[in-house]
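Below is one structure, written out as structure tokens; comments come after it.
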Amino acid sequence: MPIDGNLLTLSQWLSPAFPLGAFTYSHGLETAIEAGWVHDAISLQDWLEDLLEHGSGRTDAIWIRAAMSDGAHWPDLDALARAYSPAAERLREADKQGGAFVKTVNAVWFTSLPALVLPLALGAAAQTRRMDADTVVALYLNAFVGNLVSAAQRLMPFGQTQAQQVLSALTPLCLRVTATTRPLTPDDLWSNAFLSDISAMKHETLQHRLFQS
Amino acid sequence: MKALFPRSSDALEAIVINTAGGLTGGDKVALRAEAETGASLCLTTQAAERAYRAASGFATADSVLTAQSGAQINWLPQELILFEGAALRRSLKVDLASDARLLMVEPVVFGRAAMGEVLRNVSFQDRIEIYRNGLPLYMDALRLDGDLVAQMARLAKGAGAMASLVFVAPEAEAHLSAVRAMLPETGGASLLHPDLLALRLVAEDGFELRRALLPILDRLSGDTLPTSWRL
């Protein structure tokens with residue numbers, strides 16, 4: 001496995017320690033657990049597989065690639081990505097994390113990236129350093145589901161070993177979505193994660209919330 | 001296709017009829033409608049649209065709506081029913097002026113449950129694009145291929161029907177909590193902009209879907225829902 005400075009920078013950006021506040025977002029999972037739609041390791045893994053293959057995972061991969069493509073016009077992509085947000089909290093989650101990401105990257109790496117939703121912000125930053133798009137997408141997807149597995153640990157009885165088993169079981173799918181999104185552009189966007197979208201909407205009125213989404 | 005224009009209310013109502021009785025491979029249906037400055041237009045269908053088995057190729061159905069300044073469009077087609085073997089690519093594009101109003105719903109039924117129909121091989125692509133002053137306002141797309149029974153079991157708790165609804169009007173926010181209170185557990189609504197309410201709903205079958213949608217559409221349309229929508 002070749003190691004270069006870019007890989008270390010990328011893993012720094014996608015680390016839970018990078019100040020995005022990622023741990024405060026459940027991407028609708030809190031509602032799904034409250035409704036009983038997700039209640040154990042198997043139903044959590046199903047939920048995350050659907051997100052990766054049919055929902056935000058696939059969609060975010062396409063946005064990252066779009067931001068990294070030659071001649072990408074980031075503000076136009078950002079307007080389009082915002083219009084694709086199915087729920088207000090989903091938009092806020094992408095907007096706030098993207099804003100925090102850009103602020104930190106600009107301050108530390110002396111870039112001048114504009115405020116963008118998170119997958120575009122990551123793609124834009126990766127493009128300035130000529131990172132490998134497949135590596136960025138694969139590590140992003142792994143971080144995305146990793147954050148949601150951590151959220152599940154705080155929301156339902158779910159051991160740490162089990163959590164790592166679920167995450168490990170999702171590795172092949174992260175790689176598959178990385179490969180299948182390689183030729184895709186925003187023209188190929190779609191999402192079938194219907195319950196995930198509905199969960200994101202219902203989270204706005206959830207009582208006793210631990211998470212912001 | 002043809003259209004009827006019943007004289008029922010102040011606003012112009014158009015009932016679109018697919019005289020072919022359904023869509024199958026190779027069919028191409030296109031609809032274009034425009035509400036000029038200050039005008040109101042309500043579009044619906046006489047019956048549910050049926051997407052039948054496609055022997056080869058796919059059917060396309062593309063609609064383009066334009067609402068000029070101060071105009072209002074209500075796009076309220078009845079359900080699209082997908083049959084086993086259906087292959088359909090559908091799109092709806094809406095261009096709104098800055099102060100135009102829109103109420104749109106797209107209900108989809110995955111086979112008629114009461115008839116024991118099961119969808120194991122379907123190809124359905126659907127896309128909604130709403131622009132305001134030429135800029136993207138709301139975008140939504142789905143793509144379901146293959147065994148819909150298996151996929152809906154995971155993606156929507158085995159739902160046999162779903163609907164997306166978008167309401168663009170200055171008073172959208174005032175309706176949010178009332179609309180939420182009308183939704184079953186498998187439905188959600190959110191205010192994406194101060195004047196844009198989006199709703200997504202999955203239901204056990206077409207009947208349950210319509211039962212949940214009716215009071216919401218009555219409310220958002222100001223009780224001007226076309227009579228073809230009544231249960």
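Protein chains get the first letters and strands the later ones, always in sequence-line order, with residue 1 at the start of each.
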A:Lys202 side chain vs B:Arg180 backbone, donor-acceptor pair below 3.5 Å: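 No, A:Lys202 side chain to B:Arg180 backbone: no donor-acceptor pair under 3.5 Å.
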Side-chain donor or acceptor of B:Ser190 paired with backbone N/O of A:Met201 under 3.5 Å: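 Checking the backbone N and O of A:Met201 against the side chain of B:Ser190, no donor-acceptor pair under 3.5 Å is found.
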Chain B contacts, top residue of A:Glu49, A:Arg92, A:Glu89, A:Arg90 (heavy-atom pairs, under 4.5 Å):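 Top option by heavy-atom pairs under 4.5 Å: A:Glu49.
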Chain B contacts, top residue of A:Thr31, A:Leu189, A:Leu91 (heavy-atom pairs, under 4.5 Å):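 Looking at each of A:Thr31, A:Leu189, A:Leu91 in turn, A:Leu189 comes out on top.
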Side chain, backbone, both or neither: which part of [X] has an atom under 4.5 Å from a heavy atom of chain A?
X        : answer
B:Glu185 : both
B:Leu201 : backbone
B:Leu199 : backbone
B:Thr186 : both
B:Ala198 : both

Which heavy atom in [X] sits nearest to a heavy atom in [Y], and how many Å separate them?
X        : Y        : answer
B:Arg200 : A:Ile198 : O-CG1, 3.7 Å
B:Met152 : A:Phe194 : SD-CE1, 3.9 Å
A:Ala193 : B:Leu155 : CA-CD2, 4.2 Å
A:Asn192 : B:Arg143 : ND2-O, 2.5 Å

Per-residue contact mode, A:Asp197 against chain B (heavy atom under 4.5 angstrom):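 Side chain of A:Asp197 only, per the 4.5 Å heavy-atom cut-off to chain B.
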Chain B contact via A:Thr205 - which portion, at a heavy-atom distance below 4.5 Å: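 When you check distances to chain B, only side chain atoms of A:Thr205 fall under 4.5 Å.
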Non-hydrogen side-chain atoms of B:Lys157 and A:Trp37 separated by less than 4.5 Å: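 B:Lys157 vs A:Trp37: side chains touch.
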Neighbour count above 12 (heavy atom, 6.0 Å) for B:Glu173 CD: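 At most 12 heavy atoms, drawn from other residues, nucleotides or ligands, come within 6.0 Å of this atom.
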Atom CD of A:Gln162 with >12 non-hydrogen neighbours under 6.0 angstrom: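 It does: A:Gln162 CD has more than 12 such atoms within range.
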Between B:Leu192, B:Asp126, B:Leu137, the one whose heavy-atom pairs under 4.5 Å with chain A are most numerous: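 Of the options given, most contacts go to B:Leu192.
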Best-contacting candidate, B:Leu144, B:Leu191, B:Val202, B:Leu196, against chain A by heavy atom pairs under 4.5 angstrom: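 The option with the most such pairs is B:Leu144.
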